[in-house]
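First up is the structure itself, then whatever we jot down about it.
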Amino acid sequence: MDKKKYLKFLSLSALILMAGVVFIALMSSFTLIFGSKKTDVTTLQRYGLTKASEKIAKDMVQPTNITIYVSDDLDAEYPELDLYRQSILRMLEKYQALSGGKISINIKNPEPYSPAEYEAKREGIRPFPDSENTKNMYFGAVFSNGDGKRFVIPYFSLQRQNYAEYDISRILAKLNGAQQKTIGVISFGGNISDWQIFNKIKADYKLAFLDKRISLIPQNINILLVFNPQQVDVNFVYALDQFIMRGGNLVLFIDSYAETIAEKYSYTKKNHNMLLPLLEKWGVKSDDQKIVADETLSRPAYQTTLSNQTNPTYLNLSAENMNIPSFLGKSWSSISFRSSGNLEIGVPQNEAKYQAIFFTSEQGNLIEADVVKYNDVETIYNALSPEHQKYNLAYWIDGMFTSSFEQSIVQNTSLAQSFPPHLSVSAKPAQIMVIADSDFIADETWNLTGYQKEAVVYDQVPANNNADFILSVIDYMSGNDEMAKLRVKYLINQDKNIAEQIYEQTFASFSEEYKHKEEEVSNLKKDLSAFQQKLRSGEIGMSLLKIQELDKYNRRQQEIMEELKALNYKIQQKSGQKVTAIILANMLFIPLGLLLLAFVFVKMYVYHRRQENVRIINE
């Protein structure tokens with residue numbers, strides 16, 4: 001090869017090398033910044049369906065129709081929501097492919113004043129304003145089958161995208177004939193019917209709130225949830241005993257300090273829990289004067305707090321503090337407790353099995369309940385014992401039991417005829433979940449958001465898996481095994497890519513301003529709603545002054561929406577600039593560095609060739 005050809009070859013090789021390096025740097029930059037959207041090599045199957053979802057899709061019997069109502073210009077107005085739309089459609093196509101033709105998908109664009117928009121509203125799809133607040137937009141779905149069953153996700157919220165597959169799979173399972181049992185609820189600490197967990201349960205099951213003075217659990221109750229059983233009388237103890245003897249399913253929330261009830265009703269009386277002897281008869285003991293603490297698992301008092309101060313009786317458990325049976329899906333990501341009690345095995349029943357589900361670390365403590373009830377966090381920390389051990393917070397029990405009563409409490413009375421025969425031993429196996437925390441599924445323990453009256457289960461944004469776990473227990477007790485195994489897939493808020501982290505960091509600097517404006521919008525809406533209600537009821541009459549006041553509300557609301565839009569644009573612009581800087585750095589500095597190395601290599605190669613030629617000539 002002559003010198004000219006040789007130099008030409010080197011130049012071409014250098015150009016090819018540089019182009020390859022630039023391409024690799026560019027691709028790696030985009031992957032680094034935005035993450036891979038195609039490959040699914042994760043244990044959580046973030047980009048594919050879980051095994052439980054796949055089985056639900058494959059087992060579809062009824063022809064099922066899914067109608068997506070989505071505005072065509074979603075990409076121009078809300079790019080992030082449009083990416084979510086693409087993710088939802090890809091997910092639905094996977095369900096469709098696995099269903100063997102049982103699932104059909106229709107997509108409709110609800111343009112303003114079109115038949116599709118009228119249909120979307122009639123079906124319960126929730127409108128939301130475009131960025132200019134001039135027209136309604138839509139992104140929701142209706143699931144239906146030939147039997148007339150239908151379920152609606154009124155709006156696919158970005159905040160709830162971790163639950164997308166979970167929600168869709170539950171709906172498909174229900175359309176495919178999941179058993180809809182009746183869940184009974186009894187509370188001994190006041191009215192809890194407004195807890196959001198019950199909206200979650202009602203989406204899948206029948207729900208019945210029962211009187212705490214009940215002496216016989218109705219035959220139609222398949223699963224019973226009992227909260228904070230303080231000051232119970234013998235009638236209820238007998239009713240619960242016989243419910244278990246008949247093979248009933250029970251979820252019992254019991255501890256010495258139900259904070260939610262205490263905050264609501266401000267009671268301070270110390271009561272001995274009269275249900276403890278029955279619990280001990282089932283093989284589990286609990287000290288109703290002690291509360292569990294664990295510094296290594298402590299968290300802030302409320303899930304949404306920005307404070308760094310933790311409370312050792314407020315625990316956040318991860319997988320290593322769980323031993324969940326395989327029929328309940330083995331593990332959850334996060335479970336929280338508030339001032340929990342302690343459970344331990346006493347004298348177990350011979351034909352029953354016991355499994356500790358949740359427990360502290362080896363650094364657990366027991367504190368007097370009164371210390372926690374009447375003192376601040378610093379005092380609680382000072383009360384911690386230097387002696388530590390692991391404490392159990394929940395037990396799963398199943399099997400056969402013996403009754404705590406030798407005979408019926410209504411024997412030889414006029415009520416005897418209306419009661420079923422007394423059972424001294426179990427007629428069939430029962431299932432019991434005992435959780436040493438009456439606040440386990442109170443809103444403050446697992447919820448991140450507040451709700452309006454029209455809110456549905458698909459508006460919930462959980463802070464942990466407490467409610468999901470209880471629903472999984474109910475699923476299993478109801479015979480809906482595949483639903484019990486469904487899991488939340490963390491597409492966001494976990495393993496964030498750099499772009500998401502940069503956006504969060506940028507947003508943090510504007511969070512107070514953003515929150516203030518959102519609160520102002522919320523308050524304006526409430527004031528406007530109250531004003532309009534007074535007009536409708538005739539409490540105030542329409543006048544020029546009132547028209548001006550109404551116009552003032554609307555104009556201020558529009559102004560704040562514009563300010564929020566400008567603020568959001570500013571946040572996106574700043575985070576976008578940082579992302580662009582990272583991409584440019586990868587595109588320029590990495591290739592330049594590699595090109596410099598290539599240049600040095602070529603120079604060294606040429607130098608060695610010259611040296612070799614000189615050696616040959618000299619020889």
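Heavy-atom basis, side chains included; hydrogens, waters and symmetry copies ignored.
Using a 4.5 Å heavy-atom cutoff, the side chains of Phe188 and Ser438 are not in contact. Side-chain contact check for Phe151 versus Ile168: every heavy-atom pair is 4.5 Å or farther apart. Contact check for Gln242 versus Ser403: side-chain heavy atoms found under the 4.5 Å cut-off. Side-chain contact between Ile367 and Ile380 is present, with heavy atoms from C-beta onward closer than 4.5 Å. Between Ser340 and Leu315, the closest side-chain pair of non-hydrogen atoms is not below 4.5 Å. Within the 4.5 Å cutoff, no side-chain heavy atoms of Ile441 are placed close to those of Ile435. Under the 4.5 Å side-chain criterion, counting only non-hydrogen atoms from C-beta, Leu240 is not in contact with Val232. Side chains of Asn365 and His388 form a contact here, defined as non-hydrogen atoms less than 4.5 Å apart.
Trp446 places no side-chain N or O within donor-acceptor distance of the main-chain N or O of Pro462, the cut-off being under 3.5 Å. No donor-acceptor pair closer than 3.5 Å links the side chain of Asn65 to the backbone N or O of Ser144. Without hydrogens or angle criteria, Asp233 side chain to Phe236 main chain gives a donor-acceptor distance under 3.5 Å. Judged purely by atom type and a 3.5 angstrom limit, Gln196 has no side-chain atom pairing as donor or acceptor with the backbone of Asn447. The backbone N or O of Leu366 lies less than 3.5 Å from no partner atom in the side chain of Asn342, so there is not a single donor-acceptor pair. A donor-acceptor pair under 3.5 Å is formed between the side chain of Asn464 and the backbone N or O of Thr445. Between the side chain of Ser408 and the backbone N or O of Val410, at least one donor-acceptor pair lies under 3.5 Å. Side-chain atoms of Asp294 come within 3.5 Å of backbone N or O of Ser361 as a donor-acceptor pair. One N or O on the side chain of Asn145 and one on the backbone of Leu175 form a donor-acceptor pair closer than 3.5 Å. A donor-acceptor distance shorter than 3.5 angstrom exists from the side chain of Asn249 to the backbone of Asn222, with no hydrogens or angles considered.
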Q.
What verdict does the ring pair (Phe, Tyr, Trp, His ring centres under 6.0 Å) test give for Phe327 and Trp396, after you've listed the backbone C-alpha separation in whole Å, the side-chain angles of each residue and the deciding distance to 0.1 Å?
A. CA-CA 12 Å; Phe327 52 78; Trp396 173 269; 5.3 Å; yes
Q) Does the salt bridge (charged side-chain N to carboxylate O under 4.0 Å, His left out) test come out yes or no for Asp241 and Lys281, once each step is laid out? A) CA-CA 10 Å; Asp241 175 276; Lys281 182 71 175 180; over 6 Å; no
Q | Candidate pair Asn480 and Tyr205, rule side-chain hydrogen bond (donor to acceptor under 3.5 Å, both in side chains), full reasoning | A | CA-CA 11 Å; Asn480 296 319; Tyr205 298 97; 3.0 Å; yes
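By the side chain to side chain donor-acceptor pair (under 3.5 Å) test, Ser169 is found to be paired with Ser53, Tyr95, residues two or more places apart in sequence or in another chain being considered. Under the ring-ring contact (aromatic ring centres under 6.0 Å, His included) criterion, Tyr238 pairs with Phe405, His422, sequence neighbours left out. Val457 meets the side chain to side chain contact (heavy atoms under 4.5 Å, CB included) test with Lys200, Ala203, Gln460; sequence neighbours excluded.
Scanning all heavy atoms of the two residues, the minimum distance from Asn466 to Ile335 falls at OD1-CA, 3.4 Å. Here the shortest heavy-atom pairing between Val371 and Ala383 reads CG1-CB, 3.9 Å. Residue Leu486 comes nearest to Arg170 through the heavy atom pair CD1-CG, 3.7 Å, listed as atom of the first residue, atom of the second, then distance. Nearest heavy-atom pair across Leu343 and Ala394 is CD1-CA, 3.8 Å. When every heavy atom of Ile103 is checked against every heavy atom of Leu172, the shortest pair comes out as CD1-CD1, 4.1 Å. Nearest heavy atom pair, residue Pro420 against residue Arg246, reads CG-NH1, 4.3 Å.
Note on ring orientation: taking the six-membered ring where Trp is involved, the planes of Phe253 and Phe227 are parallel (angle under 30°, cut-offs 30° and 60°). Using bins of under 30°, 30° to 60° and over 60° for the plane-to-plane angle, the ring pair Tyr163/Tyr166 lands in the perpendicular bin.
The residues Asp255 and Arg338 are annotated as not salt-bridged, no charged nitrogen and carboxylate oxygen being separated by less than 4.0 angstrom. The residues Asp147 and Lys149 are annotated as not salt-bridged, no charged nitrogen and carboxylate oxygen being separated by less than 4.0 angstrom.
Distance NZ/Lys285 to CG/Asn392: 13.0 Å, rounded to 0.5 Å. Atom CD1 of residue Ile324 and atom OG of residue Ser472 lie 8.0 Å apart, to the nearest 0.5 angstrom. Taken from CD1 in Ile470 to CD1 in Ile197, the straight-line distance is 7.0 Å, to the nearest 0.5 Å. Distance check, rounded to the nearest 0.5 Å: CG of Asp475 to CD1 of Ile223 gives 8.5 Å.
Residue Asn350 places its CG atom among 12 or fewer non-hydrogen atoms of other residues, nucleotides or ligands, all under 6.0 Å distant. Other residues, nucleotides and ligands place more than 12 heavy atoms under 6.0 Å from the CD atom of Glu320.
Counting only N and O atoms by type, the side chains of Asn191 and Ser193 include a donor and acceptor under 3.5 Å apart. Side-chain atoms of Ser336 and Asn316 include a donor-acceptor pair closer than 3.5 Å. A donor atom on one side chain and an acceptor atom on the other are not found under 3.5 Å apart for Asn382 and Thr379.
Just one of Arg126, Glu123, Glu119, Lys121 meets the side chain to side chain donor-acceptor pair (under 3.5 Å) condition when paired with Tyr69; it is Glu119.
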